[in-house]
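A quick write-up on the structure given underneath.
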2 protein chains.
Amino acid sequence: MNPTIRDVSKLSGVSTATVSRTFFYPERVKKATREKVLEAARVLNYSPNAIARAMALQRTDKIAFLICKAHSSILDEFYAGICEGIMKESNAYDYQLLISTEEDWIAATNSAKRKQIEGVILGGNAKAERVLEFQNQNIHVVMVNNRIAGMNLPYVLSDERDGTRQAVQHLVERGHQKIAMIAGRFSPYICSERYNAFLDAMNEHGLKVESRYIRMSDPNIESAVEVATALLRQKDPPTAIFGANDVIAVGAIKAALRLGLRIPRDVAIVGYDDSSICCTTEPELTSVHIDRMRMGQICVQKLQALMRGEEIPEQVTVLPTWLNVRGSS
Amino acid sequence: MNPTIRDVSKLSGVSTATVSRTFFYPERVKKATREKVLEAARVLNYSPNAIARAMALQRTDKIAFLICKAHSSILDEFYAGICEGIMKESNAYDYQLLISTEEDWIAATNSAKRKQIEGVILGGNAKAERVLEFQNQNIHVVMVNNRIAGMNLPYVLSDERDGTRQAVQHLVERGHQKIAMIAGRFSPYICSERYNAFLDAMNEHGLKVESRYIRMSDPNIESAVEVATALLRQKDPPTAIFGANDVIAVGAIKAALRLGLRIPRDVAIVGYDDSSICCTTEPELTSVHIDRMRMGQICVQKLQALMRGEEIPEQVTVLPTWLNVRGSS
DNA sequence: GCATTGAATGTAAACAGTTACATTTTGCGC
DNA sequence: GCGCAAAATGTAACTGTTTACATTCAATGC
């Protein structure tokens, strides 16, 4: 039904090899021949069959982005951002991109091998076991926004420690001493990075971290509102709250507003991720910005290098973060 | 390097045909043989090669989701929701899903045909020309959240008219008469549906639509704040505002708060899409809910029916919407 | 005019499966 | 033990490319 290389070969009166070369190494065929071939292809509305090509070349140019994340919306703003970067860069390299949740991936009857994936970007909370599973199938792995201790992989991370440091410093500069943190129960790697960085930053400024100023919240607004309310209701409450992410920080804003507190006068609030919800609140939320798009792009670049067999220059890439100061602090 | 069907054939002492059948029509091979084959496959760590299979079968089970949308984040919450539904369902059918923006798609050097896509879901503001381009290549098309007049396609839509009607009715029931609408400049189909439905609904309730109560906003918060501020500042301002989507409605909330108005006492506000930002504001935003996930799933189901050559029962599927009432109204 | 050489082109064997058709095996009734 | 039908298995052609190697062509120097 669809025209094949042989049809073009016949119509243009050259061999299939020449037709193939016309498309893939045009400089190796004489101009006159090339034009004859292209004309024939145009007439027949021919274009090379990617499958046959993949078969002959033994490569698929197919990569996957696997989001390892249990609860809540999978393509939340954070991962959507990374995803966009991955999409953009995949298109640039003409890779085919498959996106899936870890859950769905496992459930699918086809194994990775059957899907002929040559590389995979693991996002979120992937476990070592999963990484090994891919590596055993000779599938290259890049990890984004997560790190597994003792596992030597190409990582793409953002500078959680510095971002947190900036947030704390900003609050200190605004005169705050009683700074609380609402830590989160989402990605363990991210949560512990931010939590530890917070402790360190407070330390650097010679500030005591009182345990009653440290709370944990689920990564949803209701939970954060609840936790923040309790935090703010105690006597001698904190004058500033650092939320482990924007959702939690927005919860804190809502809690403060409901308690009749003025932001940032009575309590200053800072979030993390700089997502779009920062501009929905009144006042708007100060937050640490992460270049998600860029993270995604770098993932694909690393994968490409791996697939080409190149040495990866930096195994772990840490992107800079910066604080976007808004009305809440 | 990877074991092939011939390796398994050799090791298990049967023909390649039998090996193939073992995997695809297990009931056609004797139990004893089957076990021998599977054991050999296990030993060799063999699994069938999807590319060779696609080649022999002349099908790829590959579909694409193309987001036709110029400005702003491509995978915004709305499309991410649809996307999740598509992902989920694709996995269920064992389809391979390719996601791309229209822009990147065009930029990619590979044509659809080369990518061997068997069906495509067009989201956003796709033009007729694009649809024809696919159909000319025998690629099935399903359209989501958009409709092209005079084009007979499978459509998956949500009930914009009824959603709008519910919003207006709700406001009327709350005693509002001076209801303004801030229409949007995003997807033309959606925007005109919601705008016309608004006019109709007002009409049904015997309410006049004053032109000074109708405004247009870009789909970002800053623009909406500006427009809403002007709207509310006029003398004899509206007592309720219906935003064409949540972003616009949130802008209206912010404008009202900044003007010192009490919500919903002085002005009630309703949005559309019921996205996560509805719960970030104080008070929270009443909004029309759309089952995005479901829309995505239905898209894949329709595509599957098309690809199987079945008659599609309903060419256009319209999903019900409902109003989630919150503090803003 | 004839080697020589490099460029252009052709030939045919992969790549890893599927499947129509041919052949063998099996089970069963007599 | 034989005939027969059905079940199980095997043979080999086919899917649409790429590419190593072989061949032909064209240009150059003598």
**Message:** Whole angstroms only, please: what is the NZ-P distance between B:Lys36 and D:dA8?
**Reply:** 14 Å
**Message:** With a 4.0 Å cut-off on N to O distance, would you call A:Glu39 and A:Lys36 a salt bridge?
**Reply:** no
**Message:** Let's see if you can work this out: which of D:dT11, D:dT15, D:dT19 has an atom nearest to the side-chain heavy atoms of A:Leu57?
**Reply:** D:dT19
**Request:** Ignoring hydrogens and angles, answer whether the base of C:dG17 and the side-chain atoms of B:Arg6 contain a donor-acceptor pair closer than 3.5 Å.
**Result:** yes
**Request:** In whole angstrom, give the distance that lies between atom CD1 of A:Ile51 and atom C1' of D:dG16.
**Result:** 10 Å
**Message:** Pick the closest DNA chain C nucleotide for A:Gly13 and for B:Tyr25 by heavy atoms, then say which residue is nearer the 5' end.
**Reply:** A:Gly13
**Spacing between B:Arg28 atom CZ and C:dT26 atom P, to the nearest angstrom** = 20 Å
**Item:** Proximal nucleotide (of C:dT11, D:dT9, C:dT18) relative to the A:Thr16 side chain
**Value:** C:dT11
**Fill in**
Which of D:dG10, C:dG17, D:dT17 is nearest the side chain of B:Ala17? It is D:dG10
**Complete:** Applying side chain to side chain contact (heavy atoms under 4.5 Å, CB included) to B:Lys88 and not counting sequence neighbours gives A:Asp104, B:Met293, B:Gln297
**Asked** Is there side-chain contact between A:Asn145 and A:Glu160, with heavy atoms separated by less than 4.5 Å?
**Response** yes
**Request:** Before giving the answer on salt bridge (charged side-chain N to carboxylate O under 4.0 Å, His left out), spell out for B:Arg292 and B:Glu84 the whole-Å C-alpha distance, their side-chain angles and the decisive distance to 0.1 Å.
**Result:** CA-CA 8 Å; B:Arg292 307 184 271 266; B:Glu84 268 192 58; over 6 Å; no
